[in-house]
Amino acid sequence: MLTIYNSLSKQKEAFKPIDETNVRFYSCGPTVYNNIHIGNARAFIAADLLSKVLKGIYPKVTYVSNITDIDDKIIAAAKEENISIKDLTNKYFATYMEDIGLIGITPPDIQPFATDFIKEMIEYIQKLINLDKAYAIDGNVLFRVGSFKNYGSLSGRKIDEQQHGKRIEIESYKENENDFTLWKPSNVDEPGWESPWGYGRPGWHLECSVMSEITLDIPFDIHGGGNDLKFPHHENEIAQTCACNGLSNVQDFARYWFHNGFLNLGSEKMSKSLGNVVYIKDLLKEYNGNQIRLALLSTQYRQPIPWNKALLDQSKSIANKISEFINKHENIKPEFISSTEIAKALLDDLNTPKAIRIMQNLVQTSKFDSEEIATYKYIFEGSTQDTSIDSDTTQLIEDLINERNVARNNGDYALADKIRDKLSRMNVSIKDVNGKTEWKL
Ligand SMILES: [Zn+2]
């Protein structure tokens, strides 16, 4: 029923799960050292979209996305913010969960933290050394890339070409410039664990091989991530997992490889040094989560999104029109109904722009179709997060509603609209019924 583009075969394929009673999907999660920006959010929303569609058609789906809580970037950020590693990763894990929740992303079923699997990572490395696929030198352990003959089969890069044109200093301890780190030594003031190779910490690529195998078993159905992870991250994961388990075929690790496209900020690249990083947190000051979600889903997941204010404003207007229409029928529960036109668009390699157009047509022609609406809600407004709120927030919302009613009674409609917008940014929708204002999140 579902067709999906497989980056490994480079074509759209009918999706056939290994076990229909438990579809297993792993997607690389965040390194928690900073607030999430719109480029990160695109990858998380693509994985969320796929997990929601899978959950719509299969009785059980296990969706795993890891948290990288040990990494050089984390160590550098903790120094910069002058707080401990633990405080930093706790802080940015919390903001990650909050931000993704606000744009309608449902947390994964399993969310393994890298530092909870250090013992297993050390065992994994030891096994690779015993198999002669890795070597230890000066407190480092490196994967011997030349020992895996299918290296590069996902990204299509051959080992010789990979560094072509790049002048790099080969670290003296490497047998080959392409060999990558499984374990590296930590200084005394850096986080680390005791290991057979001394005090140190795991390499990033290793984390995903270990956590995906432990949480899902191999082979599993789908492995996902951003396009930028294909090489070297996913190639290295493949090399490690296949080498450790005596496999030569990538599909004995994961059958389908799912990658989302980039997000373009015009001609400029989004970077901290250019000061043009778009954080979800900042966008949420101007747009509500539904509007941002719609903007991110307005382009099919594999295509580049041209990200700009016009796109956001257009998505805001579309989201508001659709919400207004949908809210006339509040009793409709979100549900993925495979026979609907919206579902059919999504089952065709997650064609979200087509699904949105179908919904827009229903709105324009005022055609009430409860099944299409249920399916739209499930995907586009489909957060299953707990939306209960504390009494302070309730009070704030009610105060704003009172202010708006006073403004309306005084004929100050500009102010009333401003307050409505403010409520909308708080994800509060309001409805005036028989002289009373009702609200809901
Ligand atoms: Zn990964």
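Order of listing sets the numbers, starting from 1, for every ligand and every atom in it.
Note on Glu235 versus Lys230: no salt bridge recorded, every NZ/NE/NH1/NH2 to OD/OE distance being 4.0 Å or above. The residues Asp349 and Arg302 are annotated as salt-bridged, a charged nitrogen and a carboxylate oxygen being separated by less than 4.0 angstrom. Ion pairing between a basic and an acidic side chain is recognised when a charged N comes within 4.0 Å of a carboxylate O; Asp348 and Lys12 show such pairing.
Near the Zn ion (ligand 1), less than 2.8 Å away, sit the protein N, O or S atoms Cys28 SG, Cys208 SG, His233 NE2, Glu237 OE2.
Under the 3.5 Å distance criterion, with hydrogens and angles disregarded, a donor-acceptor pair is assigned to the side chains of Asp313 and Tyr287. For the residue pair Asn176 and Asn178, a side-chain donor N or O sits within less than 3.5 Å of a side-chain acceptor on the partner.
Take Glu13 and apply the salt bridge (Lys or Arg N to Asp or Glu O under 4.0 Å) test, not counting sequence neighbours, and it matches no residue.
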